Structures are given as C-alpha cells and as structure tokens.
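Here the structure comes first, spelled out in structure tokens, and everything after it is commentary.
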Amino acid sequence: MPQTTLITPVILSGGSGTRLWPLSTQEKPKQFLNLLGPLSMFQLTFQRCADNAVYRNPIIVGASGHADIIQEQMQEIGAPPSTIILEPCARNTAPAIALAALAAENPTDLLLVMPSDHIIKNVPAFQKAVQDSISVAQARWLLTFGIEPTGPATGYGYIQQGDKIVGSTRSLAAKKFVEKPNQEKAEKMLVDGGYFWNAGIFLFRADAYLAAMEEQSPEMLKACRAAMSGERTENGICYPDADAFSSAPSDSIDYAIMEKTAKIAVTPVNPGWSDVGSWDSLFDISDKDPDSNVIFGRAETIGSNNNLIHSHDLDVAVLGVENLIIVTHGNKVVILPRGQSQDVKKIAQKLEDKS
C-alpha cells in the first residue's frame with residue numbers, strides 16, 4: 001500500500017443496545033460498557049485505528065445525549081483529537097454515515113465505517129482485510145466486510161458473493177443481501193456456500209457514498225446536506241441543524257444504499273467478530289470456567305454448568321442449575337434461559353411501560 005493512502009475511521013456510536021438490559025440503557029448503551037475487560041467496546045474500536053501511519057484522526061457520529069461519556073472515554077485512552085458529530089435525533093445508519101462523509105477533509109477520502117459496539121478478537125486479520133480492500137474502494141466500489149460464518153446464525157443478515165473483482169486479491173462483487181433468515185434457510189446457505197454474515201463494517205470513498213445516496217435516496221442526502229450547512233460548533237463538537245436532520249428519512253445503509261446500488265463489493269474475513277447483540281452472544285465469545293460457566297463479577301456456582309452470570313452489584317450463588325442467564329444491575333435482576341436473550345428488550349419495554 002502506498003504510504004500516502006490514509007483512511008479516515010468513522011465510528012458510529014448512536015445505538016441503544018436494549019438487548020443487553022439491564023446493563024445497557026439509553027443513558028449508557030452497550031458500546032460504553034466494559035463488558036469484557038477494562039476497556040469499553042467504544043474504546044476498543046478506537047484502538048483498532050490507532051496507527052497514524054494508516055489512519056487519520058477518526059470521525060465519531062453519536063447521539064446528542066452522549067457528549068460527556070464520549071469525551072470522557074476518549075480521554076481515558078488518550079484518543080487523538082477527533083471530529084465529533086452529535087445527531088439531534090436518531091435516523092439510523094444511512095444518514096449518520098452521510099454526516100461523516102460530508103465532514104471528510106476531501107471528497108476522495110477513504111472512510112472505514114465501524115459500529116462502536118462490536119468485538120474483533122483478531123485485529124491483525126481485520127487490518128489485513130482492510131489493506132487488501134483499499135484498491136477496490138479507491139475504484140469507487142462500496143465495500144462491505146463479510147464475516148465467514150461459523151454456524152447457521154439467524155440473528156444476522158447475510159451477503160451472497162458474486163464474481164471475483166479483477167485486480168483484487170480477495171474482494172468479490174456482492175450478488176445480493178439476504179435478510180435475517182429462519183433456521184432452515186440459514187442451514188441451507190451454509191451448505192450451499194458463498195454466503196457471509198453482514199457485519200455492518202464498510203470501506204468506501206466519501207464521494208462514492210454520497211453519489212450513491214444522491215441516486216438512491218436524494219431526499220435523505222438533501223436533508224443531511226442542509227443539516228451540515230446549518231451546523232453549530234460548541235466546545236469542539238459539531239451539532240447538525242436539528243430541523244433539517246429530523247426531516248431525513250430514517251433508514252439503514254443496507255436498505256437505503258447497499259441493496260440497491262450496483263457496484264457493491266464484499267471482502268471475506270474471519271477476525272473473531274461478534275456484534276455482542278445479546279447476552280447469548282456474550283456467552284459464546286467469553287472464556288468459560290471448568291463447568292462451562294461464564295462469570296463476570298461476584299458469583300459462586302455449585303453443581304451448575306453452562307450459565308452466564310453478570311453481577312458486580314450483588315453476590316449471586318447458584319446450585320444445581322444450568323443454561324441460565326442471570327444479570328444484576330443496581331436494583332434490577334433478570335433471569336432467563338440461555339437461547340432466549342433476544343427477547344430481553346421485551347422485558348425492558350414492559351417495565352418501562354409500567355413506570
């Protein structure tokens with residue numbers, strides 16, 4: 001890679017993470033939690049793009065209510081000065097990325113778009129995939145990274161590979177995007193081969209993304225341009241115009257752009273990735289004790305196996321139980337069978353409706 005090729009990381013930090021309730025809340029969603037160690041996933045995302053020979057200072061797109069925690073966590077790790085854009089309201093990933101593309105130093109800048117709530121265990125493998133994808137992105141492809149599936153997961157969307165891209169060592173044209181499948185369809189895709197999990201991580205030129213949005217969702221681009229034209233800066237933070245941004249259609253990059261645009265590429269990679277989208281996924285990626293329990297905090301187990309216990313506020317003791325998720329936070333306790341944690345947000349919503 002030529003030394004002059006620098007990539008601008010775009011760190012998306014606006015998610016709410018309700019499936020990790022009661023730890024994850026609107027005030028402190030999962031990307032800011034230290035779920036796996038001393039650093040939050042937001043901080044770990046920063047560390048992936050710390051090499052200033054490869055990366056420019058990041059652009060962060062977050063929620064207006066998280067200004068303090070974003071700055072606090074950046075200071076804790078000595079993060080470089082960054083462009084911070086705080087959305088006045090949630091409009092999903094397509095408009096959020098447009099704000100970052102409009103804020104890029106140059107229209108031809110390469111943007112590496114990363115959600116701030118993902119875990120990547122093999123960072124060198126991820127970095128190698130990014131480097132191998134640069135020439136494709138510079139050729140104005142919108143490139144996404146496809147995770148090589150380890151099983152028939154039903155919680156992720158999939159990308160079907162197409163033909164190899166001439167001149168690329170590993171990138172392929174994306175044939176189609178597949179919505180989250182049922183178990184039968186997921187198993188069939190694994191047997192057929194050529195399908196990857198859609199990680200929601202992208203590499204493209206700022207102008208290529210904006211051009212695709214102009215073609216596929218011009219009203220969204222118009223609203224984002226107006227929001228950035230009317231932005232105000234306060235304490236080094238960019239606040240897009242609220243009225244303009246709220247008029248943008250709310251849509252994901254997949255629905256608004258990637259599924260409709262012709263020149264889409266996918267680079268397969270297997271970097272030990274997880275979106276930590278549920279307590280079950282945290283169990284899957286965490287170290288286990290001899291009885292296959294995952295324990296964070298204060299817990300004792302006797303004759304119990306295959307449980308996840310997360311409790312820093314209370315002492316938890318279990319005897320003769322298996323395949324449970326037990327989480328405490330403050331005065332809240334949630335207990336449910338493993339395999340059903342996707343429904344935790346229903347519990348959170350029910351309690352919120354009562355309050």
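As a basis for the values below, the full set of heavy atoms in this structure was taken, side chains included, without hydrogen atoms, waters or symmetry mates. Everything quoted here is computed from the prediction, not taken from an experiment. Residues take their numbers from the sequence shown, with the count starting at 1.
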Handout entry: Residue pairs fulfilling ring-ring contact (aromatic ring centres under 6.0 Å, His included) with at least one residue in residues 283-308, sequence neighbours excluded
Key = Phe296-His310
Practice task
Show your reasoning for whether side chain to side chain contact (heavy atoms under 4.5 Å, CB included) applies to Asn307 and Val321.
Solution key: CA-CA 8 Å; Asn307 301 291; Val321 301; 4.0 Å; yes
Problem - salt bridge (Lys or Arg N to Asp or Glu O under 4.0 Å) assessment of Asp207 paired with Arg140 - result: CA-CA 8 Å; Asp207 58 357; Arg140 299 183 68 86; 3.2 Å; yes
Handout entry: Lys/Arg N to Asp/Glu carboxylate O, Glu187 vs Lys185, below 4.0 Å
Key = no
Exercise for the section: Please determine if Arg56 and Asp109 form a salt bridge, counting it only when a charged side-chain N lies under 4.0 Å from a carboxylate O. Expected result: yes
Exercise for the section: Quick one: closest heavy-atom pair of Leu190 and Pro152, and the distance? Expected result: CD2-N, 3.5 Å
Practice task
Look only at the side chain of Ser304 and the backbone of Ile302, and say whether a donor-acceptor pair between them is shorter than 3.5 Å.
Solution key: yes
Practice task
Provide the closest heavy-atom pair for Leu172 versus Pro268 in the form atom of the first, atom of the second, distance.
Solution key: CD1-CG, 4.0 Å
Exercise for the section: Test Lys176 against Val178 for side chain to side chain contact (heavy atoms under 4.5 Å, CB included), laying out the working first. Expected result: CA-CA 7 Å; Lys176 69 175 179 180; Val178 181; 4.1 Å; yes
Practice task
Look at the side chain of Arg205 and the backbone N and O of Leu111, then say whether any donor-acceptor pair between them is shorter than 3.5 Å.
Solution key: no
Handout entry: Shortest non-hydrogen separation from Ala173 to Ile165 and the atoms involved
Key = N-CG1, 3.6 Å
Fill in the blank from the handout: Tightest non-hydrogen contact, residues His118 and Pro115, listed as CE1-CG, 3.4 Å
Exercise for the section: Begin with the C-alpha distance, continue with both residues' side-chain angles, and end with the deciding distance and a verdict on side chain to side chain contact (heavy atoms under 4.5 Å, CB included) for Ile309 and Thr301. Expected result: CA-CA 10 Å; Ile309 305 173; Thr301 64; 3.9 Å; yes
Handout entry: Any donor-acceptor N/O pair, Ser82 side chain to Ile84 backbone, under 3.5 Å
Key = no
Handout entry: For Ile147 against Pro271, the heavy-atom pair lying closest together
Key = CD1-CD, 3.8 Å
Practice task
Please assess Ile285 against Val276 for the test side chain to side chain contact (heavy atoms under 4.5 Å, CB included), listing each intermediate value before the final yes or no.
Solution key: CA-CA 8 Å; Ile285 66 172; Val276 199; 4.1 Å; yes
Fill in the blank from the handout: The residue among Tyr158, Tyr255, Tyr156 that forms side-chain hydrogen bond (donor to acceptor under 3.5 Å, both in side chains) with Glu179 is Tyr255
Exercise for the section: Using the ring-ring contact (aromatic ring centres under 6.0 Å, His included) rule, collect all pairs that involve residues 60-112, keeping only residues at least two apart or in two chains. Expected result: Phe32-His66
Fill in the blank from the handout: Between Lys30 and Asp275, the two heavy atoms sitting closest are NZ-O, 2.8 Å
Exercise for the section: Spell out, as yes or no, whether a donor-acceptor pair under 3.5 Å connects the side chain of Ser286 to the backbone of Leu282. Expected result: yes
Handout entry: Shared hydrophobic cluster for Leu112 and Met258 (ILVMFWY, side-chain gaps under 4.5 Å)
Key = no
Handout entry: Pair Asp343 + Arg19: basic N to acidic O under 4.0 Å
Key = no
